[in-house]
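Residue indices begin at 1 and follow the sequence shown. Only a predicted model underlies this, so the values are computations on that prediction, with no experimental measurement involved.
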Amino acid sequence: MKNREKVRFFYSPGDRDFIRENCTRYWPHEVEEVIERAALACENTFVFTHRWDMERCEEPYTFKNGIDWTFRFHGDFEWTVNLNRARFMAELGQAYWLTGEERFAASFIRLMNDWIRQNPVTEEEIHQSRSRQYNVKDTWRKLDSGIRITNWIKGFFCIQESKQWGEAEQEAFVRALELHGLYLSIAYTPHDRQSNWGFLETNGLFQIALLFPEIEGAPQWLRLAEERLETMCELQVFEDGMHNEQSPMYHHEVLHCLFEPVLLADIHQHPLPKKVRDTLNTMFTASLSWVKPDGRQPMISDSDHTDIRDVLTQGAVLYQRGDLKSRGYSVLDYEGIWYFGEDGMRNYQELTNMEPAFCSTHLSQSGYSVMRTDWSDDAHYLLFDGGHMDIIRAHGHDDFLHFDLTVFGTDFLIDTGRYTYMETPERRYFKESFQHNTTSVDDFSISVYENSWSWGDAAQPTNVYWNTSQAFDYVQAGHNGYRRLEDPVDVLRQILFVKPHYWIIVDTFYSQAEHEFQQHFHFDEHIALEAASSAVNARADKEAALNIIPLEEAVTVEEQACWISKHYNQKAPSRKLTMKQKGKGFTKFVTALVPYKQNESPDFSINTIETFDSRNRKQSENEATAIEVTRGGDEAEVIVFSHQGPFSFQCSGSQMTGDVLLLKRQGDQEQTWVVKV
């Protein structure tokens, strides 16, 4: 076929032995899973357990009398979506190369022909679906079609070696490519330009056009795909590298759909707009910024508890970045072996591990702040969400001021996850603010839940500030979500990390009338809670422990049941703490989070102390909060939070000026920091 002699995919027949040998050697579990899912597909049985299946389902379903591609397992359309995205077609190809068994090639051909037969579409139907945003029918949605065709292509480059692949199969496959290319070239809207959908669609269009230049229309589609990628990079990815739907899960889907075109363009020495390559690089940096010590992404905003070390590993190879390798795998990951082959594995082995140039960091456009002690596996880590709701109000949760907390590499306080996209009480449960580690007023969620995919009166951030130094990290943010109440309430959360010892959280509320205010703390399901006289003790199965110490006498603490969903379609029972108090005018919570190891007795005491102004007038609790901490005998800190703006304070024998202040003492040595002026 014309023009095909110059076509190169991620892998070619000469790579087969290397791929089989090294995947089996280094990633036997992944090999076993791929072959198992492929074998199930041979029997018309489908299960969606790949780590990057966006809507996992671990319960297999078998079609006994032929496949119904529109079937909704348990009534969930997301199952239909996964079926039609057809990751199993790529895995049938991989299983064929890994085992040499012809049943996998036969099943690829059978399933391809069955899908084509059952799901015809015409150009006229495509145009007629414009009022439905070009989603022609359940099996012909835009993003699913973009994903599906890339999976078919991955399988094809393996299966075409089979003796079962003949002219009829090739002709059917190319016709399917042509139809998908036609559809994806037409079915693109302004909303796609602003949504992750656009990237998922355009990756498919790009691959059809670049890899099958003999198809009529391919040159035009290639130019179109490049233009769309560049425009979407401008619109959808912040300067800080975060995708603007504010979800790690969908950030990584978009990253993947930039990664594949960039890598294929490199393989073909095909120029792409500089903006595309640079955007992908910044997205890898964002992933590195908020990767947890165990290598997983946080579960904020419709995200699962997914290990992202494969993402960082692939980015390290593509951009030759030792900082990404430092948090990736020690050897090229399973999919990375398929993407990069022998040269990529050698390059990764030779790449020097390099600690990232940053540790704690603030992503100013997306509003995420990360506090770390270091880059080790047993680091302390806090992720704070002080950013706006996602741009299109789809995957965002009502989680203003939420934070995740990891102690000695162990998750303690986490986002509760997403669980489902079905319009059920569970969807609302996992999206509203009560199920996040934030604050609430009078049992109102911060924004107004309308349905699974939309919010009313979406809150906006206020008073955002970040500062970091060797001694501390500090972040603050408020929001206007409770300004909508009949008696408006202003909210502010301040978090100070005195490295590496403890965090102080100050939540303040300003109102005219009385309200009930709450703090919410959701624990990983493996954490045990025990109430002590002045604190709540949280313990992990391992050595890590955490004391949660409320410093306000009016606060009551309740332990309650909650749900944690680490993967779509899964939830597990866990525990949460709710701290409550009523107040009007000015109300505050002051809470200390103190990590320690269970085999060590924490030498730690904390008390509020008096403050005075420069004329020796005592400050009220509404004007300032001053805290004195003693640790290890001769170490101490004095911390002042002003509630009246920058001010001059006298306390504990020292005078300091500013809005948030930190004084450290060790023996007779003293050092002060103006955390916030």
- Output, in order, the C-alpha distance, side-chain angles, deciding distance and verdict of side chain to side chain contact (heavy atoms under 4.5 Å, CB included) for H256 and V311. CA-CA 8 Å; H256 170 79; V311 174; over 6 Å; no

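- Residues H402 and H436 place their aromatic rings such that the two centres sit under 6.0 Å apart.
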- Task: Go through Y250 and H243 one step at a time and tell me if the ring pair (Phe, Tyr, Trp, His ring centres under 6.0 Å) criterion holds.
- Result: CA-CA 8 Å; Y250 290 87; H243 182 253; 8.4 Å; no

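- Aromatic pair Y482/H479: ring centres closer than 6.0 Å.
- Between W503 and F403, the distance from one ring center to the other does not fall under 6.0 angstrom.
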- Task: Could you check S565 against Y429 for side chain to side chain contact (heavy atoms under 4.5 Å, CB included), going step by step and ending with a plain yes or no?
- Result: CA-CA 11 Å; S565 173; Y429 174 92; over 6 Å; no

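- For the residue pair S360/T468, the side-chain donor-acceptor check at 3.5 Å is not satisfied.
- Salt bridge K275/E230: absent, no basic N to carboxylate O contact under 4.0 Å.
- For F649 and F647, the ring centers sit closer than 6.0 Å to each other.
- Considering only heavy atoms from C-beta on, V590 stays 4.5 Å or farther from T608 through its side chain.
- For R228 and Y188, the positive end sits near the middle of the six-membered ring, less than 6.0 Å away and at most 45° from its axis.
- Counting heavy atoms from C-beta on, the side chains of S452 and R427 come closer than 4.5 Å.
- Summarising the geometry, atom CG belonging to L229 is positioned 9.0 Å from atom CG belonging to L205; distances are rounded to the nearest 0.5 Å.
- A donor-acceptor contact closer than 3.5 angstrom links the side chains of N537 and N547.
- Two residues are said to be in side-chain contact when any heavy atoms from C-beta on lie closer than 4.5 Å; F589 and F517 meet this criterion.
- M371 has its side chain within reach of V475: a pair of non-hydrogen atoms, C-beta onward, lies under 4.5 Å apart.
- A salt bridge links R85 with E55; the closest basic N to acidic carboxylate O contact falls under 4.0 Å.
- A salt bridge does not link D304 with K566: every distance from a Lys NZ or Arg NE/NH1/NH2 to an Asp or Glu carboxylate oxygen is 4.0 Å or more.
- Contact check on K431 versus D399 returns no salt bridge, with no Lys/Arg side-chain nitrogen under 4.0 Å from an Asp/Glu carboxylate oxygen.
- Salt-bridge formation is not detected for the pair K292/D307: no Lys NZ or Arg NE/NH1/NH2 atom is positioned less than 4.0 Å from an Asp or Glu carboxylate oxygen.
- Ionic pairing of E426 and R428 is not present here: no N-O contact between side-chain nitrogen and carboxylate oxygen is shorter than 4.0 angstrom.
- For the residue pair D457 / S447, no side-chain donor-acceptor distance below 3.5 Å is found, with atom types taken as modelled.
- In the model, S369 has a side-chain atom that pairs as donor or acceptor with a side-chain atom of H362 under 3.5 Å.
- With respect to the salt-bridge test (charged N to carboxylate O, under 4.0 angstrom), the residues D507 and K588 do not qualify.
- By the 6.0 Å contact criterion, NZ on K137 is enclosed, its count of non-hydrogen atoms from other residues, nucleotides or ligands being greater than 12.
- Under the 4.5 Å side-chain criterion, counting only non-hydrogen atoms from C-beta, T285 is in contact with F358.
- Counting only N and O atoms by type, the side chains of N437 and H520 include no donor and acceptor under 3.5 Å apart.
- Between F430 and Y419, the angle of the ring planes lies from 30° to 60°, which puts this pair in the tilted group.
- In summary, the side chains of D240 and S366 do present a donor paired with an acceptor at a separation below 3.5 Å, with no hydrogens or angles considered.
- Cation-pi geometry between K676 and Y465 is met: under 6.0 angstrom from the ring centre, within 45 degrees of the axis.
- Shortest non-hydrogen contact noted between W453 and A394 is CE3-O, 3.6 Å.
- Between I527 and R575 the shortest side-chain heavy-atom distance does not fall below 4.5 Å.
- To the nearest 0.5 Å, atoms NE2 (H397) and OG1 (T438) are separated by 14.0 Å.
- Few gaps surround CD on Q644; more than 12 heavy atoms of other groups in view lie less than 6.0 Å from it.
- The distance from the OG atom of S445 to the CD atom of Q435 is 9.0 Å, given to the nearest 0.5 Å.
- Between Y568 and Y421, the distance from one ring center to the other falls under 6.0 angstrom.
- Aromatic ring centres of W290 and Y381: separated by at least 6.0 Å.
- Stacking of R148 on the aromatic ring of W140 is recorded, both the 6.0 Å distance cut-off and the 45° axial limit being met.
- Under 4.0 Å is where a charged nitrogen must lie from a carboxylate oxygen, and between K576 and E558 no such pair does.
- In summary, of the residues considered (E245, Q236, E253), a side-chain hydrogen bond (donor to acceptor under 3.5 Å, both in side chains) with N196 occurs for E245 alone.
- Inter-residue side-chain proximity for L492 and Q494 is flagged as met; some heavy-atom pair is nearer than 4.5 Å.
- Neither side chain, D192 nor S195, offers a donor N or O lying under 3.5 Å from an acceptor on the other.
- Counted by atom type alone, D302 and S247 present zero donor-acceptor pairs between their side chains at under 3.5 Å.
- Checked by atom type, the side-chain pair Q560/T578 shows a donor-acceptor distance below 3.5 Å.
- Two rings, from W455 and Y449, have their centers less than 6.0 Å apart.
- Between S287 and H251, the side chains place a donor N or O and an acceptor N or O closer than 3.5 Å (distance only, hydrogens not considered).
- Geometrically, K142 does not engage W197 in a cation-pi contact, judged by NZ or CZ lying under 6.0 Å from the ring centre and within 45° of the ring axis.
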